[in-house]
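The block underneath contains the structure these notes are about, expressed in structure tokens.
Each ligand, and each atom within it, is numbered from 1 in the order the structure gives.
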Amino acid sequence: MKKNVKLNQVIEYENKKRQEKAVYERPSFHLTPPTGWMNDPNGFSFFKGEYHLFYQYHPYNTNWGPMHWGHSKTMDFVKWEQLPCALAPDMKYDGQGCFSGSAMEDGGTHILMYTSVLEEEQEDGSKKVRQTQSIAVGDGITYEKLSRNPVITSSLLPKGSSKKDFRDPKIWKDGDTFYAAVGSEALDGYGQITLFSSQNLEDWKFESIMDSCKGEYGKMWECPDFFTLDGKQILIISPQFMRAKDLEFHNGNNSVYFIGSFDRERKIFVREKGFSLDYGMDFYAPQTVESADGRRIMVAWLQSWDNYMTPEQSNWSGMMTIPRELSIQGKRLIQVPVRELENYRVNKIAEDIVFSKKGEEPYTFEKLNNRSFDMTIEADVNENSFFTISVAANEEYDTKIVYDGRRNVLTTDRTNSGLRKDLICSRTMRVGKRNGRIKLRILMDKYTIEIFVNDGEQAMTSLIYTPLEAGKIVFESMEAIIFHVEKYDLRME
Ligand code: FRU
């Protein structure tokens with residue numbers, strides 16, 4: 001195929017599709033694909049004064065298919081500009097897909113590193129998938145794949161590694177040396193992160209197994225991210241096939257972080273205990289970037305593999321979370337929505353909702369009636385507290401956020417959100433109190449519910465596709481309680 005034919009076809013197709021009205025209204029401040037399917041964030045990076053975010057992308061329909069890299073950029077993490085598709089699976093070595101990867105700036109060039117997937121026919125007619133790592137360089141719009149691709153093949157993996165699962169490179173530079181941390185699997189089926197280095201982006205050598213599962217935290221580790229924060233090193237992974245553990249991890253795909261330190265001599269990550277990054281139903285494959293002013297910003301796919309949902313007739317599927325600022329407090333990561341979101345707050349309401357005795361009727365705060373808002377609720381709680389905040393509610397629908405003070409847990413329950421499939425409908429997480437208070441910040445953007453507890457001690461992200469006319473917010477409490485509510489609409493135009 002002639003150079004870029006496939007990519008040019010996609011770009012033409014995107015341009016045509018951009019004129020079409022979305023069948024299903026898009027969220028206001030969450031990134032969606034211009035057309036078709038989106039999964040993992042890729043190549044989240046700062047380049048020439050702007051933040052670029054690529055993503056796993058199948059433009060031609062709303063199902064996962066041969067992966068492209070969609071492309072968008074932002075100045076403030078809230079308003080996104082769509083750019084032409086950056087990578088198409090148009091080479092022999094990546095004909096089955098340009099899978100996840102990362103990006104960085106070096107000497108004025110934007111470097112993308114991704115997993116190139118090739119399906120090879122075997123002599124017996126069976127097919128074997130080969131995952132290798134490749135590089136494309138560009139100027140922020142157009143990217144050219146290196147002629148030496150693939151630059152890392154599974155032949156560089158140490159003995160005892162599976163050659164089948166080998167993907168999602170995270171690239172960075174330390175001094176003159178480029179490093180890439182790549183997810184892979186040991187032959188026993190457990191995940192590991194392999195580290196490679198290069199001086200010129202073309203010749204790579206194996207350095208170490210940076211970290212490995214050791215029987216914990218699922219099987220294959222997908223989508224590693226590795227960075228320094230507040231003097232510590234953080235490794236983020238998205239393991240497949242985890243088993244539920246208490247309320248910390250759920251079955252299947254999770255996103256896990258480890259705070260630790262990097263032994264630079266041995267090139268080994270020494271990890272502390274791992275925790276979930278998000279306790280909701282829809283959060284996967286997060287990536288981070290360092291902002292110009294030194295903040296570490298994380299974004300994830302707001303969807304999950306085993307429970308994904310796309311409304312029928314929709315011509316787009318998948319979205320990203322609101323980007324979140326990370327910091328460390330004790331042994332835990334704290335995450336809050338980027339502060340830039342506050343620039344879009346309008347129509348402030350600050351009010352106390354008072355339940356003065358047991359068993360009062362639910363309270364519908366009519367003034368809070370919409371689906372794109374940023375609402376913070378604070379309340380003094382004790383072991384008898386039990387309250388529910390229902391969002392996207394009307395006579396027919398609701399999604400409940402339930403606090404149970406006896407168990408110190410918070411639940412999101414979307415049973416009644418309008419689902420017609422037997423998907424996971426609720427998830428529960430443990431929460432703390434601060435001086436006898438709980439603080440919940442709830443961000444809603446039409447279909448998304450992102451809850452941040454106690455200024456980011458926990459996050460819980462879930463997706464609903466409740467019809468937009470269900471816009472009431474209803475408070476209910478078993479006990480006397482005062483909700484101190486501060487609420488803003490979020491306006492993008
Ligand atoms: C994670 C993942 C990655 C892979 C990509 C394919 O969600 O499975 O490991 O690169 O999605 O789209």
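- Here Arg332 does not pair with Glu457 in a salt bridge; the nearest charged N to carboxylate O distance is not below 4.0 Å.
- In this structure, Lys219 satisfies the cation-pi test against Tyr190, with its NZ or CZ atom closer than 6.0 Å to the six-membered ring centre and inside 45 degrees of the ring normal.
- Of all atoms in ligand 1, numbered sequentially from 1 with element shown, those under 4.0 Å from a heavy atom of Met67 are 12 (O).
- Scanning the protein heavy atoms around atom 6 (C) of ligand 1, the nearest turns out to be Gln56 OE1, 3.2 Å.
- Below 4.0 Å from some heavy atom of Ser100 lie the following atoms of ligand 1, by number and element: 5 (C), 10 (O).
- Only the side chain of Trp305 comes within contact range of ligand 1, with a heavy atom under 4.0 Å; no backbone atom does.
- At a 4.0 Å cut-off, not a single heavy atom of Trp301 sits close enough to ligand 1 to count as contact.
- Of the listed residues (Asp40, Asp168, Asn39), the one carrying the non-hydrogen atom nearest atom 10 (O) of ligand 1 is Asp168.
- Within ligand 1, the atoms closer than 4.0 Å to a non-hydrogen atom of Tyr284 are 1 (C), 7 (O), numbered from 1 in the order shown.
- For Tyr217 (side chain) and Gly274 (main-chain N/O), a donor-acceptor pair under 3.5 Å exists by modelled atom type.
- Cation-pi geometry between Arg427 and Tyr279 is not met at under 6.0 angstrom from the ring centre and within 45 degrees of the axis.
- Distance from atom 8 (O) of ligand 1 to its nearest protein heavy atom, with residue and atom name: Glu222 OE2, 2.9 Å.
- The residues Lys173 and Glu105 are annotated as not salt-bridged, no charged nitrogen and carboxylate oxygen being separated by less than 4.0 angstrom.
- Across all non-hydrogen atoms, the minimal contact from Tyr284 to Asn254 is CE1-O, 3.4 Å.
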